[in-house]
Amino acid sequence: MGFQRARSEEQRAQRREAILATAAAMLDETSVSALTLSELSRRVGLAKSNVLRYFESREDVLLELLDRWSGEWVVELAAAAGTVDPGADVMARIGAFAEVVAHTASARPALLALISAQSEVLEHNVSTQAVLRHKHATLAVLDRLVGVLRGAVPEVGDAAGELCLTIAVLAGAFAAQANTSVSCETAFAADPALQVLRIDLAPMLRGRPRR
């Protein structure tokens, strides 16, 4: 950005995008809990007080990323679900849809980390208005996801909404459990009997856990 102070709407929009892009890059390197407002401000080249001119808090930045990435994911999912054979039997189509969900979701670990942190972390330290924006964005994504599921497996009928919400929540939960610490990995290696407790993300999302 070739300006010190954002004076126009265009410059303010550019600064918001720079903050979001910096936060997104940080999530490639660190966890949601380790991403601090201080480090985000330092990397984007602004004082914390200036970052807070554009977002209410660190959590507000991350909610915006969650909404954007969720929307991008469901677009990718919709395109990939076009490969589900409409002439196949219902169980085959369910399996094919689950495979698409597993493939597209597991390729977006930062999104899954944000989903996992949504209710416990991201929806705190933000205003009711921010939560309202986020929840409306979530509803739009779920509506699109419901349409994709019904297109692939119309037999789900009215259960599609509940199923899609379950898919999203479980994806975040499985991702959190799959992101084990070094100590956990060492324990798994030391005692093979503990392997039954290991979560492998993609197989769990497919509904076919590793045995």
Side-chain angles (χ1 to χ4, degrees), residues 1 6 12-77 101-127 129-131 133-135 137-138 141 167-190 194-195 197-205 210:
M1 293 176 292
R12 282 189 281 271
Q14 289 176 15
R15 188 149 280 174
R16 275 183 62 89
E17 291 302 316
I19 294 167
L20 289 168
T22 302
M26 290 175 67
L27 287 175
D28 286 336
E29 308 169 6
T30 191
S31 65
V32 171
S33 60
L35 192 158
T36 65
L37 183 61
S38 295
E39 181 62 12
L40 173 60
S41 301
R42 187 189 70 80
R43 292 200 188 192
V44 83
L46 294 173
K48 283 197 291 185
S49 58
N50 283 338
V51 171
L52 294 175
R53 292 176 183 271
Y54 300 93
F55 295 94
E56 296 177 3
S57 60
R58 175 195 81 112
E59 290 77 14
D60 192 26
V61 175
L62 296 177
L63 275 182
E64 177 70 21
L65 284 179
L66 172 56
D67 294 340
R68 290 190 179 196
W69 287 350
S70 296
E72 292 169 1
W73 171 65
V74 79
V75 169
E76 180 186 8
L77 177 67
V101 169
H103 176 73
T104 57
S106 60
R108 294 174 175 268
L111 168 60
L112 295 183
L114 291 176
I115 293 173
S116 177
Q118 176 183 347
S119 62
E120 188 175 3
V121 177
L122 304 188
E123 292 176 357
H124 299 263
N125 198 30
V126 290
S127 67
Q129 190 60 40
V131 173
R133 288 194 302 269
H134 164 61
K135 292 299 187 183
T138 300
V141 168
I167 287 169
V169 171
L170 286 179
F174 288 150
Q177 290 294 317
N179 186 26
T180 52
S181 68
V182 173
S183 296
C184 280
E185 289 301 318
T186 303
F188 286 141
L194 299 178
Q195 290 295 321
L197 301 176
R198 182 192 290 276
I199 298 293
D200 289 337
L201 182 57
M204 289 298 289
L205 291 175
R210 173 187 47 74

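Throughout, residue positions are numbered sequentially from 1 according to the sequence presented.
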Heavy atoms only: give me the nearest [X]-[Y] pair and the separation to one decimal.
| X | Y | answer |
| --- | --- | --- |
| V74 | G71 | CG1-O, 3.3 Å |
| H124 | S119 | NE2-O, 3.0 Å |
| F188 | Q195 | O-NE2, 3.3 Å |
| S41 | V51 | OG-CG2, 3.4 Å |
| A105 | L205 | CB-CD1, 4.0 Å |
| S38 | K48 | OG-NZ, 3.4 Å |

By side-chain contact (heavy atoms from CB on, under 4.5 Å) - contacts of [X] (at least two apart):
| X | answer |
| --- | --- |
| N125 | S57, E59 |
| L111 | L66, W69, S70, W73, R108, I115 |
| A178 | I199, L201 |
| A47 | S49, N50 |

Can you list the residues that meet the side chain to side chain donor-acceptor pair (under 3.5 Å) rule with [X], with sequence neighbours excluded?
| X | answer |
| --- | --- |
| T180 | E185 |
| T186 | none |
| S33 | S31 |
| D60 | none |

Identify, with sequence neighbours excluded, every residue that meets salt bridge (Lys or Arg N to Asp or Glu O under 4.0 Å) alongside [X].
| X | value |
| --- | --- |
| R68 | E17, E64 |
| K135 | E123 |
| E29 | R43 |

R15 versus L46: any side-chain heavy-atom pair under 4.5 Å?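 Yes, at least one pair of side-chain atoms sits under 4.5 Å.
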
Less than 4.5 Å apart, side chain to side chain, heavy atoms only: is that true for L52 and L37?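 Side-chain contact under 4.5 Å: yes.
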
I'd like to know if the side chain of S127 pairs up with that of E56 as donor and acceptor (distance under 3.5 Å, no hydrogens or angles considered).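 Judged by distance alone, the side chains do pair up.
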
For S106 and A102, indicate whether the former's side chain and the latter's backbone hold a donor-acceptor pair under 3.5 Å.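 Side chain of S106 to backbone of A102: a pair is present.
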
Cationic tip of R16 above F55 ring, under 6.0 Å, 45° of axis: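 So R16 does make the cation-pi contact.
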
How about E76: does its CD atom have over 12 heavy atoms from other parts shown lying under 6.0 Å from it?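 Correct, the count exceeds 12.
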
Checking side-chain contact (heavy atoms from CB on, under 4.5 Å) against L20, which of L62, V61, V44 comes through?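 Option passing the side-chain contact (heavy atoms from CB on, under 4.5 Å) with L20: V61.
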
With L114 as reference, evaluate V121, V32, L63, D67 under the side-chain contact (heavy atoms from CB on, under 4.5 Å) test and give the passing residue.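 The single option meeting the side-chain contact (heavy atoms from CB on, under 4.5 Å) with L114 is V32.
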
For L112 and F174: C-alpha separation, side-chain torsions, deciding distance, then whether side-chain contact (heavy atoms from CB on, under 4.5 Å) applies. CA-CA 9 Å; L112 295 183; F174 288 150; over 6 Å; no

At what distance, to the nearest 0.5 angstrom, does CD of Q177 lie from CG of N179?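 CG of N179 is found 10.0 Å from CD of Q177.
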
Using the side-chain contact (heavy atoms from CB on, under 4.5 Å) rule, take H134 and T138 through it: C-alpha gap first, then chi angles, then the decisive distance, then the call. CA-CA 6 Å; H134 164 61; T138 300; 3.3 Å; yes

